Every structure is written in structure tokens, then in C-alpha cells.
Q: 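The structure that follows is given in the form of C-alpha cells.
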Amino acid sequence: MASPTTPAGDRVAKVIARSGRASRRVAETMIGAGRVRVNGRIIDSPALNVTDADRIEVDGVALVAPEPPRLWLYHKPEGLVTTERDEKGRRTVFDALPDDMPRVLSVGRLDISSEGLLLLTNDGEIKRRLELPSTGWLRKYRVRVKGTPKDEDFAPLRRGLTLDGERFQPMTVTLDRQQGANAWVSVALREGKNREIRRAMETLDFPVNRLIRVSYGPFRLGDLKAGAVEEVKPRVLRDQLGLTSEGEAKPKPKRNRRPMRGRDTGR
């Protein structure tokens with residue numbers, strides 16, 4: 001129950017994010033641009049609490065009641081961009097999804113040349129939570145590089161390095177096997193900076209010619225085929241993200257997260 005000094009309800013940007021219309025950060029930008037009305041009046045600050053009794057409109061369209069939070073595993077093929085619209089007219093991840101999929105947001109991105117596990121959600125708050133650096137979700141990749149590296153060559157990546165003024169946190173790197181002129185490497189990291197693995201490997205003169213994300217936190221690609229989508233069961237989603245049945249986060253004892261799918265594949 002709200003105290004006498006705490007307004008009832010939730011912040012309006014959070015409610016917009018829960019509806020799946022946009023992430024909380026984008027919702028705050030929309031509010032600042034005067035694109036959001038509450039009970040017919042344009043608002044210019046996200047510091048407003050709303051309840052179910054309030055009518056919220058974004059660009060003149062009323063928010064619908066939010067669906068329960070949902071999450072999907074998607075095996076992104078190479079050659080798709082992870083944006084809703086592409087200024088160069090390239091095919092996007094969202095163009096390739098099944099017709100019966102609801103409107104979804106991607107959790108982070110994979111660049112056009114990368115493939116593997118991409119998480120999709122209908123809930124902007126889940127997207128925000130999964131992307132926050134403070135949550136430290138471990139992302140694992142199978143990486144094919146050109147050249148004949150030795151294990152000690154990856155020491156700079158394990159220590160962490162700075163490229164063009166941007167600091168990369170230490171990565172876990174394992175040399176798996178040599179395959180002709182290429183080598184397969186397993187990489188794990190806890191941040192998702194733009195083309196981070198590719199840029200780091202290029203500094204060692206081992207250019208990446210294939211990159212597959214095999215897991216994101218407790219969620220694994222497993223044997224999901226390229227282009228296929230699989231929904232995470234609500235019970236598993238609530239357990240892994242610490243949600244109540246209504247989709248809100250709840251305090252939860254810290255524990256080790258166990259992967260929810262089968263073996264990783266380096267296909």
C-alpha cells in the first residue's frame with residue numbers, strides 16, 4: 001500500500017514499457033518530446049505515477065492492457081539486421097519472424113554477420129532488465145577465427161583491453177581446435193558492446209569469419225534450428241528472472257543459474 005507521501009501506481013514510462021510499446025528509456029524520450037498524453041493532457045516529465053484508472057496515449061493511440069510478460073528464443077541466421085527498420089533496406093530479424101508472433105522487442109543485438117541466440121520479449125521492462133550491465137548476464141559464443149593462434153595469444157583479452165578509448169572488460173577465452181586455416185574459440189563475456197569480440201580479435205590479427213552466440217544468461221541455443229523460434233515457458237521465465245505471477249520483479253535469494261536447454265552447438 002502506498003504511504004501518504006508516495007503516489008499510488010507506477011511511473012508512466014514503466015507502464016509504457018510493460019505494454020511492450022517501447023523500452024523505458026525510449027518511453028522517457030517520447031515523453032520529453034510531447035508524444036504522451038495522460039487523461040487527455042500532454043505530459044513532459046516521466047516523474048508521474050499512473051494507475052489502471054488513467055488513460056495513457058502514445059502518438060494518439062491508447063495503450064492496451066499489457067499481456068503477461070513473455071520471452072522467446074530465436075536462432076538468428078546470418079544476413080539479418082537486428083533493427084525494426086533499416087535505412088539501407090536490408091532484411092531485418094522482425095521481417096523474418098513467423099506471422100503469428102506478437103509485437104516483440106529484441107534483447108540487445110547481433111550484427112548482420114553474426115548468428116545464434118537472440119532473445120525476444122513483448123515486455124519492455126524485461127528487455128531493460130536483461131540488458132542492464134549491472135545484472136551481468138554471461139553471454140557465450142563460438143567463434144571461428146582465421147589463423148593459427150596459440151592459447152597464450154589471448155592473454156590481452158583475458159586481462160581486458162582498451163580500443164579507441166573504449167574499455168573492454170576481461171573475457172574468458174578458450175582455444176578449442178584448429179580446423180585447416182581457421183581455429184575455433186569459445187568466448188564468454190558479461191557486456192555487449194558493439195562488435196566487441198570482432199574488434200578484440202582483430203587487434204590480435206585473428207579476424208573473425210564466423211560468430212555464433214550459444215547462450216545468454218541461463219537461456220541456451222541448444223539444437224534450435226536457424227530461423228526457428230521457441231517460447232520460454234512462463235514458469236521457467238518467472239523462475240529465472242525472479243518474477244511474480246503478475247510479471248513484477250520480486251526479491252530473490254542469490255543462487256547459481258542453471259542453463260535451461262541442452263548442449264551448446266557450434267554449427
Side-chain angles (χ1 to χ4, degrees), residues 13-14 16-30 58 66-142 187-198 211-222 224-234 236-237 240-241 243 247 249 259-261:
K14 180 178 180 180
I16 293 171
R18 286 288 313 280
S19 76
R21 181 64 188 269
S23 68
R24 184 186 290 191
R25 182 179 298 177
V26 172
E28 290 174 350
T29 301
M30 290 174 166
V58 178
E67 289 186 354
R70 301 168 71 184
L71 186 73
W72 289 264
L73 312 179
Y74 173 56
H75 187 155
K76 176 196 173 296
E78 183 182 1
L80 300 179
V81 294
T82 315
T83 56
E84 288 197 40
R85 299 178 186 84
D86 182 64
E87 68 279 0
K88 297 180 181 179
R90 295 171 296 186
R91 196 160 183 251
T92 75
V93 163
F94 303 99
D95 294 331
L97 293 177
D99 293 337
D100 59 353
M101 283 281 290
R103 184 181 184 277
V104 292
L105 307 166
S106 69
V107 177
R109 295 186 178 188
L110 286 174
D111 66 46
I112 190 170
S113 300
S114 299
E115 54 194 290
L117 181 63
L118 184 67
L119 300 181
L120 305 170
T121 180
N122 67 334
D123 190 295
E125 272 298 293
I126 286 182
K127 169 183 168 69
R128 186 184 73 88
R129 289 184 59 200
L130 288 171
E131 290 178 343
L132 279 174
S134 59
T135 59
W137 290 98
L138 188 68
R139 303 107 191 259
K140 296 182 179 180
Y141 301 81
R142 295 272 292 144
V187 178
L189 47 80
R190 293 187 183 275
E191 59 183 357
K193 294 181 178 178
N194 184 37
R195 302 184 73 253
E196 182 171 357
I197 295 175
R198 294 181 186 277
L211 189 149
I212 309 163
R213 183 154 67 194
V214 295
S215 68
Y216 193 114
F219 306 106
R220 285 194 172 185
L221 182 66
L224 194 64
K225 303 297 184 184
V229 181
E230 179 179 296
E231 185 169 2
V232 176
K233 294 179 179 179
V236 174
L237 178 60
Q240 296 293 352
L241 298 188
L243 304 177
M260 58 157 286
R261 286 188 60 85

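Given the structure is predicted, the values throughout are model-derived calculations rather than measurements.
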Q: Locate the shortest heavy-atom distance separating Pro98 from Val229; write the atom from each residue and the value.
A: CD-CG2, 3.9 Å
Q: About how many Å separate CG of Leu118 and OH of Tyr216, when rounded to the nearest 0.5 Å?
A: 9.5 Å
Q: Do you know which two heavy atoms are closest between Thr83 and Phe94, and how far apart they sit?
A: O-CD1, 3.3 Å
Q: Compare every heavy atom of Leu110 with every heavy atom of Gly116, then report the nearest pair and how far apart it is.
A: O-CD1, 3.9 Å
Q: Looking at Ala27 and Ala22, what are the two nearest heavy atoms and their distance?
A: N-CB, 4.2 Å
Q: How far does CH2 of Trp137 sit from CZ of Arg190, to the nearest 0.5 angstrom?
A: 10.5 Å
Q: With side chains defined as the heavy atoms from C-beta onward, is the minimum distance between Val81 and Lys88 less than 4.5 Å?
A: no
Q: If I take atom CG from residue Leu237 and atom CZ from residue Phe219, how far apart are they, to the nearest 0.5 angstrom?
A: 6.0 Å
Q: Considering only heavy atoms from C-beta outward, does the side chain of Glu131 approach that of Val107 to under 4.5 Å?
A: yes
Q: Quick check for you: to the nearest 0.5 Å, what is the distance between Leu130 atom CG and Leu119 atom CG?
A: 6.5 Å
Q: Sequence neighbours left out, what passes side-chain contact (heavy atoms from CB on, under 4.5 Å) with Arg195? Give chain and number order.
A: Asp111, Arg198, Arg199, Glu202
Q: My understanding is that only residues two or more places apart in sequence, or in another chain, count here; which of them pass salt bridge (charged side-chain N to carboxylate O under 4.0 Å, His left out) with Arg90?
A: Asp86
Q: So Val232 and Gln240, side-chain contact (heavy atoms from CB on, under 4.5 Å) or not? Walk me through it.
A: CA-CA 10 Å; Val232 176; Gln240 296 293 352; over 6 Å; no
Q: Working to the nearest 0.5 angstrom, can you tell me the gap between Leu71 CG and Lys127 NZ?
A: 12.0 Å
Q: Who pairs with Pro77 by side-chain contact (heavy atoms from CB on, under 4.5 Å), at least two apart in sequence or on another chain?
A: Tyr74, Leu80
Q: For Arg24, which residues count as a side-chain contact (heavy atoms from CB on, under 4.5 Å) partner, sequence neighbours excluded?
A: Ala13, Lys14, Ala17, Glu28, Glu125, Arg128
Q: Could you tell me which residues satisfy side-chain hydrogen bond (donor to acceptor under 3.5 Å, both in side chains) with Glu196, sequence neighbours excluded, listed by chain and number?
A: none
Q: Does anything in residues 70-79 pair up under salt bridge (charged side-chain N to carboxylate O under 4.0 Å, His left out), and if so which pairs, sequence neighbours excluded?
A: Glu67-Arg70, Arg70-Glu231
Q: Applying salt bridge (charged side-chain N to carboxylate O under 4.0 Å, His left out) as the test, list every pair that has at least one member in residues 91-110; sequence neighbours left out.
A: Glu84-Arg103
Q: Just how far is it from atom CZ of Arg213 to atom CG of Leu117, taken to the nearest 0.5 Å?
A: 6.0 Å
Q: Work out which heavy atom in Pro69 is nearest to a heavy atom in Asp123; give both atom names and the distance.
A: CB-OD2, 3.7 Å
